[in-house]
Amino acid sequence: GAVASFAMDGRGGIIEYGSLTLAIPGGALVEPTTITVREVLDRPWGAVGPVFELGPDGLTFAVRPTLSIAYDELEMPPGVTPDSLRVAVREHGAWRHLPNGEHRAHEGAAAAKLEHFSLYTLAPLADEVSGVGDHFELNGIVVDTSTESFTRLRVSPTIVQLALGRGDGTPVDVTLSGLPTDADQHVYLGSYRESRVVSPADGGRVTVTAVLDEPKLLWVPPMSGTPT
């Protein structure tokens, strides 16, 4: 996306860009700095709203600024509740939630203090749902099965894991929806030897068949071959 630039100095100030607000306190910057903000496509599972890239990359602060990202409750993915949203950062090729993050219901936002600049977005906390049924939703991922099965679905910013069981050898068609569509996704069933590639043309949706003579684990890592 287009880059927006903001001249800041030791006095600090407020930067607003779309749903992002960055509050830089006085004394945070040791010298005048041009801060940049742009939207990018790199998204973790269940991300709500845009992903923002803050620059210059690696900039650190004497006093930590506060990043706040607002959300629209009408745009929540399936299975995501506003109170589960926290600010997530991409570091060393992986997404994680900032440990000091908080949900601010009165602002319709989540916020956290930053140590440096990187990629940031809102993502739900790692969570799981389980039970016997044929339809489950969590953090933007939807699972439908052709027959009722025991299902445990876990969705974090870094991986989707789905455990299925029936114990009677019944073939079950399993449909996953809500996968990211910005790049190919690799869906593994039982082992790394059995996989399906879901391309952006598939619209984030894939159906696989699992024979449930024993419990089966299906997972979708952020990149091919990532350990679970």
Side-chain angles (χ1 to χ4, degrees), residues 1-77 79-128 138-140 154-159 180 182 222 226:
V3 177
S5 299
F6 303 87
M8 303 294 290
D9 57 26
R11 293 172 296 178
I14 304 293
I15 291 174
E16 295 181 334
Y17 180 88
S19 58
L20 176 149
T21 301
L22 182 65
I24 301 177
L29 296 171
V30 297
E31 60 185 10
T33 304
T34 298
I35 292 176
T36 60
V37 186
R38 69 175 182 129
E39 294 185 19
V40 297
L41 297 177
D42 187 352
R43 296 169 61 83
W45 303 114
V48 174
V51 176
F52 297 101
E53 181 180 54
L54 299 177
D57 184 46
L59 178 67
T60 57
F61 305 91
V63 182
R64 293 191 296 173
T66 298
L67 173 66
S68 174
I69 302 177
Y71 57 81
D72 184 343
E73 288 196 37
L74 298 179
E75 296 181 358
M76 293 292 115
V80 174
T81 58
D83 61 358
S84 73
L85 296 178
R86 297 293 187 275
V87 176
V89 60
R90 184 168 174 83
E91 293 180 335
H92 309 297
W95 286 94
R96 68 174 181 89
H97 288 98
L98 291 175
N100 56 63
E102 61 179 351
H103 175 244
R104 297 179 174 179
H106 60 289
E107 298 178 9
K113 292 187 179 298
L114 307 185
E115 296 180 351
H116 58 83
F117 278 170
S118 184
L119 302 184
Y120 295 92
T121 191
L122 293 184
L125 295 169
D127 204 352
E128 70 175 46
L138 181 66
N139 293 356
R154 185 177 187 272
V155 183
S156 77
T158 56
I159 198 166
D182 54 340
T226 301

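One-based numbering along the sequence shown. What you see below is based on every heavy atom in this structure, not just the backbone, and it leaves out hydrogens, waters and symmetry mates.
Between L122 and V87, the closest side-chain pair of non-hydrogen atoms falls below 4.5 Å. Between N100 and R64 the shortest side-chain heavy-atom distance falls below 4.5 Å. Considering only heavy atoms from C-beta on, L22 comes within 4.5 Å of F117 through its side chain. In this structure the side chain of V48 reaches within 4.5 angstrom of the side chain of M76, judged on heavy atoms. L29 places a side-chain heavy atom less than 4.5 Å from the side chain of F61. Between L67 and L98 there is no side-chain heavy-atom pair separated by less than 4.5 Å. Inter-residue side-chain proximity for I35 and Y17 is flagged as unmet; no heavy-atom pair is nearer than 4.5 Å.
Of all the heavy atoms in W95 and D42, the pair that sits closest is CZ2-O, 3.4 Å. Contact record, G140 with V80: N-CG2, 3.5 Å, taken as the closest heavy-atom pair. Taking each heavy atom of A109 and A70 in turn, the nearest pair found is CB-CA, 3.7 Å. Residues I14 and M8 approach most closely at N-CE, 4.3 Å, considering heavy atoms. Between E39 and F52, the closest heavy-atom pair is CG-CE2, 3.9 Å.
Taking CD of E107 as the start and OH of Y71 as the end, the distance is 9.5 Å to the nearest 0.5 Å. In this structure, the separation between CG on N139 and OG on S84 is 5.5 Å, given to the nearest 0.5 Å. Interatomic distance, S5 OG to R38 CZ, rounded to the nearest 0.5 Å: 11.5 Å.
The main-chain N or O of P124 is found under 3.5 Å from a side-chain atom of H97 such that the two form a donor-acceptor pair. Listed for the T121 side chain is a donor-acceptor partner under 3.5 Å among the backbone atoms of P50. Side-chain atoms of R86 come within 3.5 Å of backbone N or O of D83 as a donor-acceptor pair. Although no hydrogens or angles enter the test, the distance criterion places a donor-acceptor pair under 3.5 Å between the side chain of T33 and the main chain of E31.
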Evaluate the criterion side-chain contact (heavy atoms from CB on, under 4.5 Å) for residue pair E115 and T60; output intermediate values, then yes/no.
CA-CA 6 Å; E115 296 180 351; T60 57; over 6 Å; no
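Just one of V89, L119, I15, L20 meets the side-chain contact (heavy atoms from CB on, under 4.5 Å) condition when paired with L54; it is L20.
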